[in-house]
Amino acid sequence: MSAQMITRATTASRIALGAALVIIAILIAAPWWGSTANLRLITEFMFYLALASMWNLLAGYAGLLSVGQHAYVGLGGYVLFSVVLFLGINPLLAIPVAGVVGAVMSLPVAWLVFRLKGPYFAIGTWVVADVFRLAFAQMTSVGGGSGLSLPTQAMKSIGSKSEREMLIYLLALAVCLGAVVLIYLLLRSRIGLALTAIRDNDVASSSLGIDIGRIKLLTYVVTAGVTSMVGTLIFLTKLRIYPDAAFSMNDWTVFVLLIVVVGGIGTIEGPILGTLLYFLLREYLSDLGAIYLMILGILSIVIMLWAPKGIWGLVVKRWEMSLFPVGYRIRKRQD
Amino acid sequence: MEWINVISQGVLIGGLYALFAAGLSLIFGVMRLVNIAHGDLIVGAAYLAYTIVGATGLNPLVSLILVVPLMGLIGYALQMALLNRVIGGDILSPLIVTFGLSIIIQNGLLTGFTADSHKLSAGSLDTGSMAILPGLDIGYMPLLTFGAAVAIIAGLQYLFYHTGLGRAFRAVSDDGEIAQIMGLENRKVFGWAMALSMTVVAVAGVLLALRSNFDPFIGPSRLLFGFEAVIIGGLGNLWGTLAGGVILGVAQGIGAKIDPGYQILAGHLAFLIILAVKPRGLFPRIDG
């Protein structure tokens, strides 16, 4: 006698959960085993993974192909410098402030750019990010085009150099894990079901009563808030900010977008795999300069032509596995 | 009089922006593709002209005899070999592929020509001007640019609505499957559309290079200007696009007059204001 049962977890996902807990434990312990260089590299990895996961939520699930997310990274950075210089409060408090500022700022932006459809939406977000860059370059209170430095006094208020590095590392880890877990839980919720339906077919999902406009707006606002918080952390490690670095399209949008597309868009695993791959490529090829960037360009075209679901898509096709079970599957149960 | 000068300069540069926009709009109209590499292709055309002028000593305007067909050929090849394979499905693939193309062109130009900026010269035309009113001089070069924009847009308009090729463009745009049943080979029609777009890009690139300095990385902002002109004017309306270019040019001119740092920002703001009050642009096509 056999009956059907519905499960979410798979063998692979149970193993993955175990492995993930081990990896997270090792990462939390990194300040005790890693060198400063190690910590810096992992911190940067966490930033990119958080940005990539957020862009994936936006583009891969909500279908909002924004190429202007560097607007929020830069905004988060400037929130940090403004809070420290004008309010004189602890730099770490800038992180939640940036989350709120990013989310609030994203509302008028969404009101404007949501009028543009499809690919024109993408370029519209690009224009908005350019407006942010040019506007901050005109503001003399934040140093105009040449920017600002964080006073050492403010940094010392966090702690000694090694304490600071450890704290920033742990915060980066927390924000990154938080971003991934947020997406995982979001996708398993009702909103996630709606997002998955929108990803698969927005017309059909709308006819089933999903309020696409609201879900998209919600996703855009959440993504903007988290992206701004990551921006604050990024510039907490850089200690200096100027408009071209804060709103760098290459650093905060193009590389992030390539990570997601190469790893596998529309899956939680894709950005993780993509970030690993990006750091590997960068480690070995970035000395090539312009040639390295051309290789990245060619890679993105090759992926789109032959594996539009990215490398994780190939893995899924070959072994049918899912490390983050967000869907349902039916299995036969032996009684 | 100073302000009249600013505005007339803005109007004339608007012609160049309309040329950036016309190629973009043409491609979007026929195959719903937004070519992120459009600006980089404009810069690529400028470098092609620079190379030809360097090798032959031709006047840049005469070099168009070579640049225009070469860019057309590149466009056709690009469409047949690459872009045809990614259009028709979701909007992600064409966006990423043209993004990749943009990175490749920029860094390819950087590798081939260094980051130095260049400018083309058409001899005495560069600085020549005529006095329209006392105190109001119009340069020959801006006037020529604007004239070229009007002529090209009139030509595209005629081609779209009065020739067999234009009929094919409209047919595949309205309903690709029916067009195919009626005996059109969509792939080739798309190839022709991209070729045509690239001939406009060729003219735009040479006029850009005659007017101001160019380097491998100025492409993206030209894409944004063209895009803004398209949206301000209204999707699918070529004459509207010219008006959009003019509005953008005037806005930038006024911004630059207030403070040089406000030039691009003023253009962006004009675009955003029009997006806020007239989301479909000032002159949207009635159908569509």
Side-chain angles (χ1 to χ4, degrees), chain A residues 59-60 63 65 67 108-109 111-124 126-135 137-139 144-145 199 249-250 253-255 257-258 260-262 265-266 288-306 308-309, chain B residues 24 28 32-38 82 85-86 89-112 114-115 216-217 220-221 223-228 230-231 235 255 259 261-269 271-273 275-276 278-280:
Chain A
L65 286 176
V67 295
V109 171
W111 179 73
L112 276 173
V113 293
F114 276 34
R115 292 154 189 254
L116 298 162
K117 296 292 162 236
Y120 279 132
F121 168 82
I123 311 189
W126 189 346
V127 172
V128 169
D130 212 34
V131 169
F132 275 51
R133 181 179 64 86
L134 294 165
Q138 289 302 317
M139 286 183 207
R199 175 193 69 179
M249 184 168 187
N250 266 354
T253 292
V254 175
F255 292 150
L257 180 149
L258 292 182
V260 175
V261 165
V262 171
I265 190 165
L288 297 174
I291 307 278
Y292 160 66
L293 293 171
M294 286 168 84
I295 292 172
L296 289 184
I298 293 168
L299 184 66
S300 66
I301 293 177
V302 167
I303 288 282
M304 275 297 130
L305 288 182
W306 284 290
K309 290 192 184 308
Chain B
L24 199 64
F28 184 78
R32 299 288 177 271
L33 171 83
V34 169
N35 184 1
I36 299 283
H38 191 74
L82 181 65
R85 307 171 61 148
V86 291
D90 58 1
I91 55 169
L92 177 74
S93 309
L95 190 83
I96 299 294
V97 165
T98 52
F99 229 117
L101 210 56
S102 158
I103 297 173
I104 295 170
I105 295 172
Q106 283 175 29
N107 289 286
L109 290 174
L110 177 66
T111 310
T114 75
F217 296 108
S221 53
L223 167 73
L224 295 190
F225 297 165
F227 158 78
E228 288 172 334
V230 171
I231 303 288
L235 279 180
D259 178 322
Y262 285 131
Q263 184 186 0
I264 315 282
L265 195 56
H268 287 339
L269 292 180
F271 157 74
L272 291 176
I273 288 167
L275 187 61
K278 296 210 76 171
R280 301 194 60 211

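Sequence lines set the chain letters: A, B, ... in the order given, protein chains first and strands last, and positions in each chain run from 1.
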Residue part contacting chain A, namely of [X], when any heavy atom lies under 4.5 Å:
X: Ile264(B); result: both
X: Ile91(B); result: both
X: Leu223(B); result: side chain
X: Leu92(B); result: both
X: Gln106(B); result: neither
X: Val97(B); result: both
X: Asp90(B); result: neither

Which answer fits [X], side chain, backbone, both or neither, if we ask what part of it has an atom under 4.5 Å from a heavy atom of chain B?
X: Leu116(A); value: side chain
X: Leu299(A); value: neither
X: Tyr292(A); value: neither
X: Val67(A); value: side chain
X: Leu257(A); value: side chain
X: Leu305(A); value: side chain
X: Val131(A); value: both

Name the member of [options] that forms the most heavy-atom pairs with chain B at distances under 4.5 Å.
options: Val113(A), Ile298(A), Leu296(A); result: Ile298(A)
options: Pro308(A), Ala122(A), Ser300(A); result: Ser300(A)
options: Val254(A), Leu134(A), Leu293(A), Ile123(A); result: Ile123(A)
options: Met294(A), Met249(A), Arg133(A); result: Met294(A)

query: Under 30°, 30 to 60°, or over 60°: which ring-plane class applies to Phe28(B) and Tyr120(A), parallel, tilted or perpendicular?
result: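 Answer is tilted, since the angle falls between 30° and 60°.
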
